[in-house]
Novice: 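Structure incoming, see below.
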Amino acid sequence: QVQLVESGGGSVQAGGSLRLSCVASGYIYRSYCMGWFRQAPGKEREGVAGINSDGVTNYADSVKGRFTISQDNAKKTLYLQIDNLKPEDTAMYYCAAGASSYPQSWLLSPLPYPYWGQGTQVTVSS
């Protein structure tokens, strides 16, 4: 089992930045993938960034150039740096983990991820 706890959300003005963190505990797989997803009210959950244990990343087109996913394996922590925030980024952001190193094309799909955190809210005002 893997437990995930997100933090770092908040309310910011458009153009601002946030860094989300996701701390993993429990069983740590040598081959894995991790991702950030978001869900706005009335919308489906969408993958915004993913990374696998080979360091391969993938980003949704809507966030490329503004979001950066990274990891600190020693701290068992996944990060999402969000710059130039826009009101349309307002959503609950979830961290997810999977037990295999899926290829880039899979990283934004929820299918590889059996483990999910509770989410952290990001609200962006114009």
Side-chain angles (χ1 to χ4, degrees):
Q1 282 287 352
V2 177
Q3 293 78 44
L4 303 171
V5 179
E6 304 97 331
S7 63
S11 296
V12 297
Q13 290 191 327
S17 298
L18 284 173
R19 188 175 80 158
L20 308 184
S21 299
C22 172
V23 178
S25 61
Y27 187 81
I28 304 299
Y29 297 88
R30 294 190 65 181
S31 293
Y32 60 86
C33 55
M34 296 193 76
W36 287 98
F37 291 74
R38 67 185 181 187
Q39 188 167 20
K43 295 188 177 181
E44 294 186 357
R45 188 172 297 192
E46 64 168 337
V48 295
I51 188 169
N52 65 21
S53 48
D54 297 319
V56 175
T57 60
N58 199 1
Y59 296 91
D61 288 342
S62 59
V63 307
K64 283 180 180 177
R66 300 189 299 119
F67 287 24
T68 304
I69 189 170
S70 63
Q71 57 190 348
D72 185 331
N73 290 335
K75 295 182 178 179
K76 300 179 182 178
T77 301
L78 181 74
Y79 301 101
L80 185 68
Q81 177 68 37
I82 310 175
D83 297 317
N84 190 20
L85 277 156
K86 301 178 179 181
E88 52 264 42
D89 295 321
T90 295
M92 184 70 79
Y93 283 72
Y94 298 91
C95 171
S100 296
S101 184
Y102 279 81
Q104 185 183 48
S105 60
W106 281 84
L107 294 177
L108 301 184
S109 165
L111 295 178
Y113 303 103
Y115 307 109
W116 292 80
Q118 294 300 307
T120 186
Q121 177 68 38
V122 172
T123 303
V124 185
S125 58
S126 58

Novice: Can you check side chain to side chain contact (heavy atoms under 4.5 Å, CB included) on Cys22 and Trp36, steps first, answer last?
Specialist: CA-CA 9 Å; Cys22 172; Trp36 287 98; 3.7 Å; yes

Novice: With rounding to the nearest 0.5 angstrom, report the CD to OG distance, Gln81 to Ser21.
Specialist: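 Answer rounded to 0.5 Å: 9.5 Å.
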
Novice: Roughly how far apart are Thr77 OG1 and Glu6 CD, rounded to 0.5 Å?
Specialist: 12.0 Å

Novice: Are the side chain of Asn52 and the backbone of Tyr102 linked by a donor-acceptor contact shorter than 3.5 Å?
Specialist: yes

Novice: Should Val12 and Val63 be counted in the same cluster of Ile, Leu, Val, Met, Phe, Trp and Tyr side chains packed under 4.5 Å apart?
Specialist: yes

Novice: Quick check: closest heavy atoms across Gln39 and Lys43, and the distance to 0.1 Å?
Specialist: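 Looking at all heavy atoms of both residues, the closest pair is NE2-O, 3.1 Å.
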
Novice: I want to check something: taking the side chain as every heavy atom from C-beta on, are Tyr29 and Val2 in contact at a cut-off of under 4.5 Å?
Specialist: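 Tyr29 reaches Val2 side chain to side chain.
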
Novice: Does Gln118, at its CD atom, have more than 12 non-hydrogen atoms belonging to other residues, nucleotides or ligands within less than 6.0 Å?
Specialist: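 Counting other residues, nucleotides and ligands, CD of Gln118 stays at 12 neighbours or fewer.
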
Novice: Closest heavy-atom contact between Pro114 and Ala97?
Specialist: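 Distance-wise, the nearest heavy atoms are CD-O, 3.2 Å.
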
Novice: For the atom pair CG (Leu78) and OG (Ser70), what is the distance rounded to the nearest 0.5 Å?
Specialist: 7.0 Å

Novice: Go through the structure and list residues passing ring-ring contact (aromatic ring centres under 6.0 Å, His included) with Tyr115, not counting sequence neighbours.
Specialist: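 With sequence neighbours excluded, Tyr115 shows a ring-ring contact (aromatic ring centres under 6.0 Å, His included) to no residue whatsoever.
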
Novice: Could you tell me the separation between the CG atom of Asp54 and the OG atom of Ser31, rounded to the nearest 0.5 Å?
Specialist: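 Rounded to the nearest 0.5 Å, the CG-OG separation comes to 7.0 Å.
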
Novice: Determine the minimum heavy-atom distance between Ser62 and Arg38, stating which atoms define it.
Specialist: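 Residues Ser62 and Arg38, closest heavy atoms: OG-NH2, 3.6 Å.
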
Novice: If hydrophobic clusters are built by linking Ile, Leu, Val, Met, Phe, Trp and Tyr wherever their side-chain heavy atoms come under 4.5 Å apart, do Leu80 and Tyr32 end up in the same one?
Specialist: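 Same cluster.
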
Novice: Stepwise, does the side chain to side chain contact (heavy atoms under 4.5 Å, CB included) test hold for Gln121 with Thr90?
Specialist: CA-CA 8 Å; Gln121 177 68 38; Thr90 295; 4.1 Å; yes

Novice: Which heavy-atom pair separates Leu108 from Ala49 by the least distance, and what is that distance?
Specialist: CD2-N, 3.5 Å

Novice: Residues two or more places apart in sequence or in another chain: which of them pass disulfide (SG to SG under 2.5 Å) with Cys33?
Specialist: none

Novice: Output yes when Lys86 and Asp89 qualify as a salt bridge under the 4.0 Å nitrogen-oxygen rule, no when they do not.
Specialist: no

Novice: Measure across Cys95 and Met34 and return the closest heavy-atom pair with its distance rounded to 0.1 Å.
Specialist: SG-CE, 3.9 Å

Novice: Please answer whether the main-chain N or O of Thr57 pairs with a side-chain N or O of Gln104 as donor and acceptor at a distance below 3.5 Å.
Specialist: yes

Novice: Atom OG in Ser17, atom CD1 in Ile82: separation rounded to 0.5 Å?
Specialist: 9.0 Å

Novice: Which atom pair, heavy atoms only, marks the closest approach of Ile69 to Ile51?
Specialist: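 Taking Ile69 first and Ile51 second, the nearest heavy atoms are CD1-CG2, 3.7 Å.
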
Novice: Got a sec, which pairs hit ring-ring contact (aromatic ring centres under 6.0 Å, His included) with one end in residues 37-75, sequence neighbours left out?
Specialist: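 Applying ring-ring contact (aromatic ring centres under 6.0 Å, His included) to every pair that reaches into residues 37-75, excluding sequence neighbours, yields Phe37-Tyr113, Phe37-Trp116.
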
